[in-house]
Amino acid sequence: MAAHTQKNNKPGKPGGKEAQPLIIAKTPAEEQRLKLERLMRNPDKLAPIPDRPKEWNPRAPPEFVRDVMGSSAGAGSGEFHVYRHLRRREYQRQDFLDKMAEKHVKDLEYLDKVEQNKQAADERTAKRRKKREKLKQKKLRAKMAKLETKTDDDGDKSSDSSEEEEKEEEEREADDDAEAPSFIMGKK
């Protein structure tokens, strides 16, 4: 039995845990520090994350009302309080429905605004892309013009000879075109 006693002299399970001294937090910051220390003692253990609180919904109006209140004289002294509670509950329900409708309208407006912002951003992006492409084409044309002037300056003779060769080629083609009808006509 002595083997199963712990430091605090309680019989029970053989424990490997040490007794932690009780620390009372005096400030909110100290309380948070203690919570973090407790969480970080065992980082493999998942931290408890509370669920989102449910949104309040009013009680639905009754489908069948058993105690219909009339406007007859002689109502008891407690009837006014019953009526007051019913009226308050109905006003709460109507306020809730109005707030939900307003929230729905605001959500739709927000989604519309997000869509408009996205569309405006796409238009700006397209405009800037077009401008970049225009500048790129302009630079490319300037570069090509610069290369052409450079080749013209370097090889004036070669360009002259190539122009002469092109002229001779055109003359040959013109002669061939002129001879073709004579062959067809049989004049040779």
Side-chain angles (χ1 to χ4, degrees), residues 1-140:
M1 191 165 155
H4 292 287
T5 57
Q6 292 179 341
K7 286 184 178 181
N8 54 8
N9 295 330
K10 288 186 182 177
K13 300 177 190 173
K17 280 189 169 183
E18 298 177 15
Q20 296 286 329
L22 181 64
I23 301 172
I24 298 173
K26 294 179 179 135
T27 63
E30 192 174 329
E31 182 180 346
Q32 191 170 11
R33 181 182 58 79
L34 290 172
K35 285 181 182 178
L36 282 173
E37 284 177 0
R38 189 176 69 229
L39 281 174
M40 294 310 289
R41 271 188 218 132
N42 189 2
D44 297 335
K45 186 178 176 184
L46 295 175
I49 299 173
D51 290 336
R52 200 173 195 181
K54 292 182 181 177
E55 192 171 302
W56 179 82
N57 281 333
R59 197 168 11 163
E63 291 180 17
F64 182 76
V65 180
R66 297 187 193 286
D67 299 326
V68 179
M69 291 196 184
S71 59
S72 64
S77 61
E79 297 298 317
F80 172 71
H81 301 292
V82 173
Y83 165 73
R84 188 181 60 176
H85 290 303
L86 288 173
R87 185 182 64 177
R88 180 182 53 82
R89 192 176 299 139
E90 181 62 19
Y91 284 161
Q92 273 185 338
R93 191 181 73 82
Q94 288 177 356
D95 287 342
F96 175 76
L97 292 175
D98 290 343
K99 287 178 184 175
M100 290 303 290
E102 187 177 329
K103 182 181 178 186
H104 182 70
V105 167
K106 285 184 178 181
D107 286 345
L108 289 177
E109 288 175 358
Y110 172 75
L111 291 175
D112 287 343
K113 190 171 184 175
V114 166
E115 186 65 31
Q116 288 174 355
N117 288 346
K118 186 177 179 183
Q119 196 173 19
D122 289 344
E123 289 173 3
R124 285 193 307 268
T125 304
K127 186 176 179 182
R128 290 176 181 161
R129 182 184 305 121
K130 188 176 178 183
K131 191 175 181 180
R132 282 193 307 270
E133 290 294 326
K134 217 176 188 182
L135 284 172
K136 197 183 284 186
Q137 291 294 329
K138 189 177 178 182
K139 285 182 181 179
L140 186 64

Given Tyr110, which of Val114, Asp112, Asp107 fulfils the side-chain contact (heavy atoms from CB on, under 4.5 Å) condition? Val114
Exactly one of Glu37, Gln32, Glu31, Arg38 should register a side-chain contact (heavy atoms from CB on, under 4.5 Å) with Leu34. Which one does? Glu37
Separation between [atom1] of [X] and [atom2] of [Y], rounded to the nearest 0.5 Å:
| X | Y | atom1 | atom2 | value |
| --- | --- | --- | --- | --- |
| Arg132 | Arg129 | CZ | CZ | 6.5 Å |
| Leu135 | Lys138 | CG | NZ | 7.0 Å |
| Lys118 | Thr125 | NZ | OG1 | 11.5 Å |
| Met40 | Arg33 | CE | CZ | 14.5 Å |

Measuring only between side-chain heavy atoms, which start at C-beta, is [X] closer than 4.5 Å to [Y]?
| X | Y | result |
| --- | --- | --- |
| Arg88 | His85 | yes |
| Lys106 | Glu102 | yes |
| Gln92 | Phe96 | no |

Identify the heavy atoms of Glu30 and Ile24 that sit nearest to each other, and give their distance. OE2-O, 3.9 Å
Closest heavy-atom contact between Arg59 and Arg93? O-CD, 3.9 Å
Could you walk me through whether Glu90 and Gln94 pass side-chain hydrogen bond (donor to acceptor under 3.5 Å, both in side chains), step by step? CA-CA 6 Å; Glu90 181 62 19; Gln94 288 177 356; 3.3 Å; yes
Should we count NE2 of His81 as having more than 12 external heavy atoms under 6.0 Å?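 Yes, enclosed.
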If you count every heavy atom of other residues, nucleotides or ligands that lies below 6.0 Å from Arg84 atom CZ, does the total exceed 12? yes
